[in-house]
Each structure stands twice: as structure tokens, then as C-alpha cells.
Engineer: 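Structure below; questions to follow.
Numbering of ligands and ligand atoms starts at 1, following listing order. None of the values given here were measured: they were computed from a predicted structure.
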Amino acid sequence: MLDPEKIKERCNRRPQTREIAREVLLFDSVDSTNRIALEMASMGVPGGMVILAEAQEKGRGRLGRAWFSPKGVNLYLSLLLRPYQESRELPLFSLATSVALVKAIEAETGLAPRIKWPNDVLVNDKKVAGILLESESDGAQTPSLVIGIGVNVNMEADDFPPELRPIATSLKIALEKPIDRDDLLIALLDALADQFLLLEEGKKGLLIESVNRYSQTLGKKVRVDTPRQAFEGWAEEIEEDGALRIRLGDGSRRKIMVGDITHLREIKN
Ligand code: BT5
């Protein structure tokens, strides 16, 4: 079991971490920690709330997809924040979260995770963590932002359903030994607080620099699927607003704000 008292005590040691984790709530099993955090947001609960669960019955991915969330082995958390940034800046919180995940995983395991734009963290080319941003605006208060994070920590290969085995992994599988989930969570909350502070201080250039440095996507040939279109091209750079710039075969460029990408293997003649 995760130890909320230990987590709370360690978060209190750093003022910037305390800011995003004033309250830490652990549930045994919930439908979705994001759903609970959004409900709290709609009830006017202030920012700085961390909702944790040992299992989720209806863990959510993006676009109605599901997040596989078995009990007692992984991390499932949602942060409720009320940031002062303008709404067009909010997608940057997803990138800030992916950088924080990379830094925390690197520090706790020595592995070299990479970011797959826009919201996946990969280890050995397989997905180890996913991020889901959702927001709630009741008009009266500062709009809320819910950041959902799922990390596969101590799952075994057999624990994954067959359809996920080719694309997903866990830290334990990559490291061949179990990880202390409390320590990883504390490192993650510290890293999140650092990255959010950069955004608050208007230093998004530093954030984007880290995203580019840790990106698995750049330089790769990719297929892009957006809600409106699908095409192929080369991933060039992540821009200041978090968009991915793609160079097409005819040399023209497109900026993608929302969508999924697939890394394509280049076939050389
Ligand atoms: C995501 O969506 O990657 C966002 C996942 C966010 C999960 C957290 S857990 C705490 C919080 N509460 C919630 O209800 N959700 C958040 P997306 O990019 O749409 O990826 C979803 C896809 O990843 C699925 O369609 C599967 O292919 C794959 N997938 C599902 N479960 C997985 C897992 N445990 N590990 C790796 N891949 C998984």
C-alpha cells in the first residue's frame, strides 16, 4: 500500500511541493481519479489537492480511451490545480508533466525515459506512463486544471492484457527489480512542482528546451492523426506553444496542436 502520511510529510519539506500537494487523499479503488478531481473542482475545492488510488475501474485515457489500472502495483494520481495562466497556456502543463516524469523516473531508477509527443513517456520504446489533462470552469473562480498521471511501476509482463504487451512496459520490467512507489511519487511531485514553477515564472523556453532534449519523436518519420486529418512527415521541433512542427515531403511545414503520432520505421532502398 502507498503511505499517504509519509508522502504528505515529505511534500511538506519543500514549499513549492507543498503548494501543489497541500492535501493528499488515497483511495483503495475508484472509477477514475480524474473524475473525482473534476468533481471536487466543480464543488469549488481549491488547488493543491492530490487524489491517489491503488486501482481504477474506469481509468481514462484521451479521446474516450481506457487506461488499464490494476491494483496495488502502479501509480494513478490526479492533481487539482488552479493555475493563473491563460487557458491557451494550459497545454504546456502536459509537457511540463512529461518532463517531470522523465526526471523523476531517471533519478529513481537510472533508466533513460523519453517523451513521445504529446503525452507519453516511453522506456525502451514502450509506453510506461500517460498523462490526461482535463479542465473545469464554473465561471466564478480561477478555472481548474486536473492533471491525471498513470505510471506502470511494478507490473509484470504477464499482468498486461495481450493487446498492450507489444506497446507497454513497466519500470520493474525494464529494471528487473521492483521500485518503491512512495519514493517515486515523492520524486514526481517534487519534479512537477519545479516544472510548474518554471511556467509560473514565464520561463517556458527552459521547459520547451527540456522537452526537445528528452523527445523520442524529433528527427523521426511519423504518421500524424489529428481529429481532422492524417498525413506523414518528419517531426522537426516542439515549438514555444507546445505544438509539434512537421515537415512534409514537399518541404512545407505544418504545426500540430492536438493529435496522435506513430513513429514510422524508415525503409531504405
Ligand atoms: C493516456 O491516454 O495516455 C492518458 C492516461 C492517463 C491515465 C491517468 S491514471 C490517473 C488519471 N485518472 C484517469 O482516469 N486517467 C488518469 P492515451 O494517450 O489516450 O493512451 C491510451 C492508450 O494507451 C490506450 O488506448 C492503450 O492503447 C494504452 N494503454 C492503456 N493502458 C495502458 C497502460 N497501463 N500502460 C501503457 N499503455 C496503456
Engineer: With a 4.0 Å heavy-atom cut-off, what residues sit around ligand 1?
Structural biologist: Ser32, Thr33, Asn34, Gln56, Gly59, Arg60, Gly61, Arg62, Arg65, Ala66, Trp67, Phe68, Leu77, Ser78, Asn119, Asp120, Lys127, Gly130, Ile131, Leu132, Gly148, Ile149, Gly150, Asn152, Leu164, Ile167, Ala168
Engineer: May I ask you to decide whether Arg181 forms a salt bridge with Asp183, counting only side-chain N to carboxylate O separations under 4.0 Å?
Structural biologist: no
Engineer: Is Glu236 paired with Arg254 through a side-chain N to carboxylate O contact shorter than 4.0 Å?
Structural biologist: no
Engineer: Before accepting this row, confirm whether a basic side-chain N of the pair Glu89/Lys204 lies closer than 4.0 Å to the acidic partner's carboxylate O.
Structural biologist: yes
Engineer: Give the minimum heavy-atom separation between Tyr214 and Arg114, together with the two atoms involved.
Structural biologist: O-CD, 3.1 Å
Engineer: Decide yes or no for Val45 and Leu80: does some side-chain heavy atom of the first lie under 4.5 Å from some side-chain heavy atom of the second?
Structural biologist: yes
Engineer: Is the closest basic N to carboxylate O distance between Glu39 and Arg35 below 4.0 Å?
Structural biologist: yes
